[in-house]
Amino acid sequence: MKEMLKATIKNLFSKPVTVKYPEEPSPPPIGYRGLIVYDESLCIFCTKCEMVCPPGAIKFTYKDNGKKEFHYNPYLCIYCGECVRACPKPGCLTQVENTAEPAVAQDIPEWNLIERKAEESKRKFLAERAKRKK
Amino acid sequence: MNWEALVFTLFSPVIGGFIYGLERVVRARMQGRVGPPVLQPFYDFLKLMDKRSIVIHSFHAFMGIMYLVGTWFSLYVLLSGGDLLIAIFFHVLSLAFLVVGGFSVRSPYSILGAMRELLHMVAYEPLYVLTAAGLYLVTGTFQISEILNSNEVPLFVLPLVFVSILLSLPTLLKKSPFDIAEAHQEIIGGPEIEYSGKFYEAVYTAKWIEYVYVFFLIFLFGGGNHLLGAFLVLFAFFFFNLLDNVTARVNFRQMVAFHWYVLIPLVVINLMLLALWRG
Amino acid sequence: MEKVIYSLFLLPWLLALLVFVSPFHRLRQLITFLSFPILTYLSFKVWNLKLPLFITPPEWVNLAVTLFDYGLLLYFLYQGIKFRNFLVSVLAAAQLFLLSWVLLIIPHGETPPIYVDGLTTFMYFIVATVGSLICIYATKYMEQEDLDRENRFVAALLWFLGVMNFAVSVNNVEWFFALFETTTLASYVLIRFRWDSVSISNALQALWMNQIGGIAILLALLFGIKYYSVYSFTDILKVNPAVTSMIPLGFLAIAALVKGAQMPFHRWLLGAMVAPTPVSAILHSATMVKIAPYLILRLSPVIKGTLLAKLLIVTTGFVFVSAGLLALTQDNFKKILAYSTISLLGLMMLTASMGSPTAVLASLLLILFHAVVKALLFMEAGVIEKLFKAKYIEEIRRLVEKAPITVVFISIGFMSMTIVPYGIFMAKWLTLEEASNFLSHGAYVGSIIFIATGSVILTLLYFKVIGVMTRKRGEFMRFKLEKLPFIYLSTAGLLALFTIVGSIFIAHLSADFVNAVVASISSSPAPVKASGLTLITPLSEVYGWQIIGAFILLLIVPIFAYFVHFPEVDRVYEYTCGERVETTLGTYNFFCVSQVEPLIETAAVALFIITLVLGGGLI
Amino acid sequence: MELKKFRKKSPWILHYNTGSCNGCDIEILACLAPKYDLERFGILNRGNPKQSDILLVTGPVTKRAKERLLRLYFEMPEPKVVVAVGACACTGGVFRHMYNVENGVDSIIPVDVYVPGCAARPESIIDGVVKALEILEKKKKEIELPPYCKVPEGEKLNRRKLLERCLEVINAGRRS
Amino acid sequence: MRVEEVKVPLREVRRTIKEFYDPNVWHFITVNGTDLGGKVELKWFFCKYGEKETFKVVTAEAGYDDEIPTITYLIPSAWIAEWELADLFDLKVEGAKKGLFLDPDSPKAPLRRG
Amino acid sequence: MGKRITVPFGSQHVALPEPVRFVFQTENERIVDVEVDVGYVHRGIEKACSTRFKYMQVGYVVARVCGLCAISHTLGYVTAIERLMEVEVPKRALYLRVLVSELDRIHSHLLAMGHTAEVAGYENLFMQTFRYRESVMELLELITGNRVQFDYVCPGGVNRDMTTELEKEIRKKLKELEEKCLWLKDVFENDFSLNLRWKGVGVVTKEMAKEMNVVGPPARAAGLETDVRAEFNYLPFEEVGFKLITRRGGDIYDRNLVRAEEVINSIEMVKNVLDGLPEGEIKVPVKGLPEGETFVRVEAPRGELFYYIKGTKKMVLDRVRIRVPTFANIPVMKKLFIGMDYSDVPATVISFDPCLSCTAR
């Protein structure tokens, strides 16, 4: 009680420790594991990142011409950085310090759709390739 | 009709709201935080006005409103300068509505809270009655208006009584360490848990009025010296905020025991010494 | 003039006889109905007589009373032997011995044995109104219990009223002993009414405990005759207390404590609840236990300010608090009421022993309102027992859904014992202020603590019960009152109405009516005045608008609350952490208090002995 | 006076964990602590749905928690907003498609704001709450319903019945 | 790591544990089930207080329909682990109630293979 | 029966950060019966670890079993997989693991202490504890890049290295932290109202602790000398000055004091780690497929964490079994409640620092 009394009175007459966040900036520290940034120009489409991603926040959909398209869902990502470590091409996937913005329902990627599409297109692509090989 | 008192009573929610807002700021500062703006209680009030109301049943909701009316009325009884004992017992009357309202729903928290509210009453009521007796001893009257005009200063003669009233302030206002009736972490507000929207607003505002009620009781200790009374109120305000911040909640057995075995004997000792000295 | 008084004793007996012999239920009801207007009229007539009034009955009455005494005690002895109850027979034998001794040494006095003053008339009024209302209620109650033996039951009740009227108007202590023992007999007969083993053992318990009171009276009589040759109340009052020994007064006070079921002699009153509910109603409200405060009030001018009075304050104050505490542990509705009676009797005797005019006024107000309210509450207890088959407070859960009128009556009863504008509260308030007044001399701080803690404990108790009753599951779909039999409704309604009207006009009631009684007990009336509804005491005043405002809040609004309906508001379930759990919602039973029950009883015994030994001046 | 603007100034929060890993929960606690101090915005952690305006949900909705979540949602008076805190609450996160999980919160109740992160930073939570406040100001006072709960035209809404109906829908798999 | 593994038939488990278990020496860790397809391998893990890496493992195999003996007589705190086993493998364990973790609409016996 | 009042405590309750349900039957607020439901957070992680995730991913998944002891879960799993595949982890990585695991312990213990104060109605102490906890969180954020889910440890080593600037920063903050933690320990030890409220409440005796197999700080507060850090060689704790802390009382007060003392010991250990941090690699590659079975005990902040893994030469493990400390402590909690005051319940529950998310997985 005595110790707390001292501390309480001290707090009353000293400046609060609160960071007034929305008014004052409170940036993440250096090395914070934030968003994954993808650079398509460097990508070799090895899909290693898709394979290692635990929640499946990275998906590649196959276009008809065999090209792959990168999809990333920051609202599913757990920001572990495993994809960055798995990426064989340095600089293709990088983890920046910024976090994703809170979003309303319209801004969330339709991830169920993308998942289904990725799976379907992959199956289609593989089937076609197998046919071609035959 | 005592117009002054009536006006003061009508404006008491505003005053009480300010006190509550100030309290929240002071508490936040004591914890090293910034805290809400001073007008926060009024924002809450206005927001609650805007909410869609939901109730368990009408009787319960109505009792919430009656608690506000009852508290308001009991404040007027106190301020209009009538009998002090009657005013203290009127407070029991207003609490009765909260308690019956709390009992009238089939929610365990509400029922526990109402029961604990009664235990609060068991703890502080004898103390306040004895205090009234003490004030009578000093000033020779039970009429509040005459106490406020007397030449005596009750504080100087009744220091132990004042101390015990100060220590039991948290019981009436339900602050730590004696906030068992609305123990937020145990029963989530106790009897007020099932109120919402406008009906909760009534209960919320009634609490502000209680602030005024309690601080007026403190003010009486200044007797005819109103400046001292105001200082006492200010002191009491900081004191119970400090107490709130440096103590954990006790359980109801400890609370009743503390009031009955420590505070009441203190008051009695003071009264006996006074009687001896006077006699 | 005498005839009016005699008829007050004899009419109830006559009515009792008529009820006993009349063959039809309706006829019996009609006769019982008659008792209410007749007795009230007669009491009113006595009130208008020139008081106080001394009456000397013919000489043969004295002999008859003595013979009756012997007969009664022999009957007790016979009962003791018949049921093999050692205590009853030994106590009866002891009384026979003491009575014979008393009769041997009793001198021939000139003081008339019947004395009617304001206090007596006040008791007449209570017996006439409350007592006969209970009798009327009993006719209906027995319809549902046991119609064959209704005539005995109602006749016994009516007879009891006559006995009570007689008891409060005697002056001769020997006669008083006879009537005291007659009330004991009446209670014995009534408690035994159901004739099962529990009833009989409880009746015997009541018998032996009350006989201790009889012994105390006889001892008082012996000492009184031996030392001062007085055996009338009026003569005792004339004795100068400063020079007398307090022994007779001490014994009389003990008799009052026993009759008033003060701890440790409280068990007989609790045991009385095995009988049909009107018995409890009549024992707790108008008759029997009211003899206790009556006796103390009779003695209060002499014992005022003595050590005996102070010890009585401590004893009864202790009972006031501890009986309230023990009531918390009970879960039988009637037991709760019984404990609260014990508790409030303590308060009545406490105020009576303070003895100043204001305190006597408070005591009288307490007697009046307690009689009315307890009768009301016991009637309602009978109603919920008969109509809703509920005895325990767990069983009256959510009663408000089934029986709003009953709940309102019970709530009025409960609130009137604790909350602001009601008569009983006013009496407490008067006492508190009076005690504070004494406090400036350093005295009576104990009584303030007792009253404050005791009343707050009673508040806790009553609100606990009200809370159980008013619990509801949901909204009233449509407003529906329960169908109460007319007699239940009218008797209880009359009592409730009196409680409310009496409390609203408390100023006039106390200043104009009760104060006259106070004047006849103490030498001067209490310094209270009434102006409008405002009650003015020397220290302070309670305004009419406060009383009216509190009544509006307390009564009109909660009743109104049943009709209030917020139509546009959503209904939700109670918050139970998002779960749907099976909840049993009882209430607290405070068993931790029952652990100290032996302690409380030991303390009560000790206080009893101290009162007798120190207060009675046995040393 | 426009009362709507005061909604923003005193939002009281209710926090429910539907199966999260505690990471986001302790970040919410940290938000209440001195460093971030949500009370600056007038936010109180009421812990009582009947007096709350913002429902903070963390974690993927497990099968056992979904009923409770719906109950709490229906006990909150409108206007109210729901904030899903953390990746799991938004979409299911790493627990997506596990056998006892119904993925994101929006499969049970309508969600207004999604706060990403594993675990969400206090700053993100504050951002989310501030965003929720803007939405709260614009909300109507009608009863909000989950998308799967269909009410025929013109039917008078009864909160308890609606709750029972929604519970029936989400527990449909339970009976079969 | 010193591990003493005792392989016993299912009905011998309780006797085996009773023989050596002393609450002052042994700390009961948990009972674990591993699905082997058609039957479940059960392991009761114990370790010694105050000693480095000393374990005792009681192993038994149980079919899906066998009743598994409870050891709550010896180790009162084991009920929760046993209930979990009963729940997640849908096994019959003496005195265990179903529904510790699983709800009526969760898949039955999720930890069984296939 | 009619006198009883049923009090549900949870699943949503303001004193609980996570869903667990206790249904108490109380008489005069004294508990006569209790019913526990811990299955709210069951998500099926064990199943998912043996079907959906490859063994290299499992470390990130099990971290999400519990956000508070994230590092312990990963550590347990990673130690098990390293033992199974016989990987020699570099010394520097081991030291860094000790560093993060101890910092994690500090933040978890401070959380538990603060939260216990909060539910005992001591709001200010909660605020102060959380205020100082923030500096640990900042440290962890600096080292690992996230405040809660560290994802720091991976099979074969750790994911991030420590730089010298970082080291300096850590030392600076640690010094401040130590001062504050000593102050906090002082408060928790000597505060009058905490003593009044907590002493003799929720007592787990030593016999009870042994009989009910209690683990972690509650067991150590009861005087049972059990600490996996001393009983299992998964990290070099002895080298950095680990002390086994026990107390005798076994009540809430002692549980918190054990935590407070462990916090101070942990700070000491972190300092020693920084002093003796060896140079070298932080990670060795893990190749191959796991085969066989092994089990590992790890001391999480809440007590003994047990991992059992079984591989059958596939990318996906055959069985991952997690026995968490709270799971072991729930039986004793249930037993403890009988006869307790309802007003002491929140503090007792929180003083065990339950992690239901671990328990149900």
Side-chain angles (χ1 to χ4, degrees), chain D residues 13-37 39 44-49 55 57-69 71-72 75 86-88 92-102 117-123, chain F residues 10-21 37 39-48 51-53 57 60-70 73 107-108 111 114-115 118 123 126-135 137-138 141 146-149 151 355-358 360-361:
Chain D
I13 59 171
L14 173 73
H15 163 224
Y16 188 48
N17 174 336
T18 52
S20 120
C21 69
N22 290 346
C24 303
D25 305 80
I26 55 170
E27 293 299 78
I28 289 172
L29 266 184
C31 280
L32 296 169
K35 185 168 176 199
Y36 296 102
D37 187 28
E39 208 185 345
L44 284 180
N45 185 8
R46 292 301 298 187
N48 178 352
L55 175 60
V57 190
T58 54
V61 184
T62 60
K63 297 233 154 135
R64 196 169 288 190
K66 64 184 177 187
E67 193 184 323
R68 281 80 188 172
L69 180 63
R71 253 172 223 286
L72 291 173
E75 277 178 10
C88 321
V94 76
F95 308 114
R96 198 172 162 83
H97 301 314
M98 282 189 189
Y99 66 81
N100 213 27
V101 167
E102 305 258 356
C118 183
R121 284 195 89 203
E123 280 89 349
Chain F
S11 59
Q12 193 277 329
H13 192 283
V14 69
L16 290 170
E18 40 191 345
V20 56
R21 183 181 69 177
D37 184 350
Y40 285 92
V41 207
H42 183 62
R43 290 153 297 198
I45 291 175
E46 285 183 6
K47 171 83 170 174
T51 49
R52 287 183 50 210
F53 297 109
Q57 286 175 329
Y60 300 109
V61 179
V62 292
R64 268 82 185 167
V65 167
C66 169
L68 290 172
C69 26
H73 276 280
H107 105 73
S108 173
L111 172 94
H115 206 172
E118 155 83 3
E123 205 187 334
F126 160 78
M127 291 292 181
Q128 300 314 314
T129 317
F130 266 60
R131 181 177 164 182
Y132 302 134
R133 179 174 167 270
E134 277 305 317
S135 50
M137 300 301 279
E138 276 161 23
E141 201 175 11
N146 195 316
R147 284 166 57 94
V148 178
Q149 291 293 357
D151 298 333
C355 182
L356 275 306
S357 156
C358 288
R361 305 177 300 277

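Note that the structure is predicted; figures quoted are calculated from it, not measured. Lettering of chains follows the sequences in order, A, B, ..., and the numbering in each one begins at 1.
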> What part of S20(D) gets closer than 4.5 Å to chain F, counting heavy atoms only: side chain, backbone, both or neither?
Replying inline: backbone
> Are Y16(D) and H13(F) close enough that a side-chain donor and a side-chain acceptor fall under 3.5 Å?
Replying inline: no
> Are the side chain of R43(F) and the backbone N or O of G19(D) linked by a donor-acceptor pair below 3.5 Å?
Replying inline: yes
>> For F53(F) versus V94(D), what's the shortest heavy-atom pair and its separation?
In response: CZ-O, 3.8 Å
> Got a donor-acceptor contact below 3.5 angstrom from the N100(D) side chain to the H42(F) backbone?
Replying inline: yes
> Should R147(F) and P122(D) count as side-chain neighbours, where that means a heavy-atom distance under 4.5 Å?
Replying inline: yes
> With a 4.0 Å cut-off, would you call K35(D) and E138(F) a salt bridge?
Replying inline: yes
> Which heavy-atom pair separates H15(D) from Q12(F) by the least distance, and what is that distance?
Replying inline: O-NE2, 3.3 Å
> Quick one: what part of N17(D) sits under 4.5 Å from any heavy atom of chain F, side chain, backbone, both or neither?
Replying inline: both
> Quick one: what part of H73(F) sits under 4.5 Å from any heavy atom of chain D, side chain, backbone, both or neither?
Replying inline: neither
>> side-chain contact (heavy atoms from CB on, under 4.5 Å) for T18(D) and Y40(F)? Distances and angles first, verdict last.
In response: CA-CA 7 Å; T18(D) 52; Y40(F) 285 92; over 6 Å; no
> Below 4.5 Å, heavy atoms only, C-beta onward: do C355(F) and N22(D) meet side chain to side chain?
Replying inline: yes
>> Which heavy atom of P34(D) sits nearest to which heavy atom of R131(F), and what is that distance?
In response: CG-CB, 3.9 Å
>> Evaluate R64(F) against C88(D) for side-chain contact (heavy atoms from CB on, under 4.5 Å), listing each step before the verdict.
In response: CA-CA 10 Å; R64(F) 268 82 185 167; C88(D) 321; 5.8 Å; no
> Which is it for R64(D) and R21(F) under the side-chain contact (heavy atoms from CB on, under 4.5 Å) test, yes or no, and what are the steps along the way?
Replying inline: CA-CA 11 Å; R64(D) 196 169 288 190; R21(F) 183 181 69 177; over 6 Å; no
> Looking only at heavy atoms, what is the nearest atom pair of A33(D) and M127(F), with distance?
Replying inline: CA-SD, 3.9 Å
> Do L111(F) and L29(D) have side-chain heavy atoms sitting under 4.5 Å apart?
Replying inline: yes
>> Under a 4.5 Å cutoff for heavy-atom pairs, which residue among E141(F), E118(F), R133(F), Q128(F) has the most contacts with chain D?
In response: E141(F)
